[in-house]
Each structure stands twice: as C-alpha cells, then as structure tokens.
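Numbered from 1 within each chain, the chains take letters A, B, ... in sequence-line order. This is a predicted model, so every value here is computed, not measured.
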Amino acid sequence: MKIATFNINGIKARIGALTDWIVEQQPDVAILQEIKSVDEGFPREIFEDKGYNVETHGQKGFNGVAILSKLPLEDVTRGLPGAEGAGREGADDDEARYIEATVVGKKAIRICGLYLPNGNPAPGPKYDYKLRWMQRLHDRAQELLAAEEPALMAGDYNIIPQTEDAARPEAWRDDALFRLESRDAFRRIQNLGLTEAFRVCEAGSGHYSFWDYQAGAWNKNDGIRIDHFLLTPQCADLLNNCWIESEVRGRDKPSDHVPVWVDLAA
DNA sequence: ATGCCGTATAAGATACGA
C-alpha cells in the first residue's frame, strides 16, 4: 500500500497540479494538509470520479486537512483530542489541523493526518500554542501505541528534526521549526516508541520536503525536511520503503511542499 | 530580509506562512 502525505498549499490553487499528480502516481492513500477550504468547498467529486473516498476537516481560508483513499475510510474522527476551552471562541480546537481514519487493506491501518502549528514568532503565544498542540499529539500517540496496532501519524509537522534536515541550519537556529525546545518536543513523541520512517531508509543531508517560494530556494536546494511519517511498531514492521518525491517541486504551479511516501506491506 | 513569493479573502490592502 502506497501512502503519501502532501501539504498542497490551497486546494483552489492546486487543483490542476494535484489531480495530475493523483492520476499519475495513483496513491492508495493521500493525506493532505493546508486545503484552505471549508468542507463544502472541497471539490470531492473530482477525486471520487477517480475512485477515491474523500474525508475532509476544513475551515475558511486557512489550515484544513483531508484524506483520500481508494479503500473505504472507517471510523473517521476530526480534531485532535485535549483542546483547552473546546468549543469556545479562541479555543485550541478552532483550527482544523487533524483527522483520523482507518483504512482496511490486507491489514487495517489507522491513519492520522496532521498539520502542526508553525509557531512563529518564538517565543510568544503562537509558539505556546504549538507546544500545547505537540503535547496533545504526544498524548494521542500514547493512546495509539497502547492499542498495539498498525498506525501512522503523517503530515506537515513544521519541525526540522536534526541539523542535517536543513540546508542552512544556522539560519533556523531560533526559529519555531528548529529551536531546541521544538526538537525536544518532537523527540519526546518519537521516544514513546514511534519510528520516523524516512530515517530508516535514508541517511545523510540534502533531503528536503519544503523549499520557500522566495529567493530561488528550490534552484539552490535551500530546503528543510518538515513533512514526516511516525509509525507504531506494528506499522514499522510493515515498512518497505519511504522516500521524498522532490521532483514535484520543479513543476508548474507547485506547492512549496512536496509529497513524502511510504510503501507498506498492507 | 519584521518579507525576496504565494495563497486566501475580497475588492485594496492585510493575514499568514516557514
């Protein structure tokens, strides 16, 4: 089963490039972030016509996540548990950043799609929100691990895990994506017992999933690796491969992110 | 580079991103 995570930076702007990619690559599951659309505005028929089941968790203008799957999606939940002031104005669940569903192939896999807050400027209230969000993700990961079943958490983590995951790490030193407190929080989630799929398959520097639109970042390979798959042990046992489809960044009307893939024996 | 580009909202600037 081939599963991709892809921050598309707006479904309206990306509909052409995204459908071309879907038709070409035929992912079994595509986990999307930054759809920047309400659920009713997402062009689900386009993907349904191509054989996909579609589940979205959107909002007006910003954020928004979705899962497309050739196999049925079961037990869909929207939102990350544990929000402070849930349901009230300005609460931690105001932003549409998280969706879960189970995909049943040869094995059942719990798929968690996430768009972790950027957190800049750091320090500050946006950074505090990022850290709270990561604590909630930690708690949800703990529950998934306790179930001892195949599950993965995939998406735009807005975290550069290590120095080798940025072309110019010194430029990111105090940024919310790379500062020590952010990397610590990511490591705490991993240390519960999750496998970061890409680093099982590829060592070394120069592998990125995001390049800024500005200053010719793509042409200089001035990128960062911030889109990740974390796998429970039962899911890691199924891992055949993990790779980044960086070529997509050089196409017409690209997102600033590219797809990251896992192939699972499931 | 407290904004070099891009997206969304909405009708001209402004918010946001990483």
Is the closest basic N to carboxylate O distance between [X] and [Y] below 4.0 Å?
X        : Y        : answer
A/Glu247 : A/Arg251 : yes
A/Glu149 : A/Lys107 : no
A/Arg173 : A/Glu170 : no
A/Glu55  : A/Arg78  : yes

Practice prompt. Output, in order, the C-alpha distance, side-chain angles, deciding distance and verdict of side-chain hydrogen bond (donor to acceptor under 3.5 Å, both in side chains) for A/Asn7 and A/Asp227.
Written response: CA-CA 8 Å; A/Asn7 180 324; A/Asp227 299 271; 5.3 Å; no
Each nucleotide of nucleotides 4-14 of chain B classed B (base within 4.0 Å of a protein heavy atom), S (only sugar-phosphate) or -, in 5' to 3' order, makes BBSSSSS----
Rounded distance in Å between the [atom1] positions of [N] and [M]:
N      : M      : atom1 : value
B/dG6  : B/dA10 : P     : 23 Å
B/dA1  : B/dA15 : P     : 23 Å
B/dG12 : B/dT2  : P     : 30 Å

Look at all strands and tell whether [X] reaches a base, only sugar-phosphate, or nothing, counting heavy atoms closer than 4.0 Å.
X        : answer
A/Tyr157 : nothing
A/Asp227 : nothing
A/Lys126 : sugar-phosphate
A/Ile160 : nothing

Open item on the list: Using a 4.0 Å cut-off on heavy atoms, which residues in residues 162-182 of chain A reach DNA chain B? List them by number, or say none.
Closed with: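 Under 4.0 Å from DNA chain B: A/Trp172, A/Leu177.
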Note to self: Within this structure, what is the CH2-OH distance for the pair A/Trp218 and A/Tyr213, rounded to the nearest 0.5 Å?
What the structure shows: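 Result: 13.0 Å between the selected atoms.
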Check the distance between B/dG17's C1' and A/Glu34's CD and give it to me in whole angstrom.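 Spelled out: CD on A/Glu34 to C1' on B/dG17 is 7 Å.
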Crowding at CG, A/Asp49 (>12 non-hydrogen neighbours, <6.0 Å):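 Result for CG/A/Asp49: enclosed.
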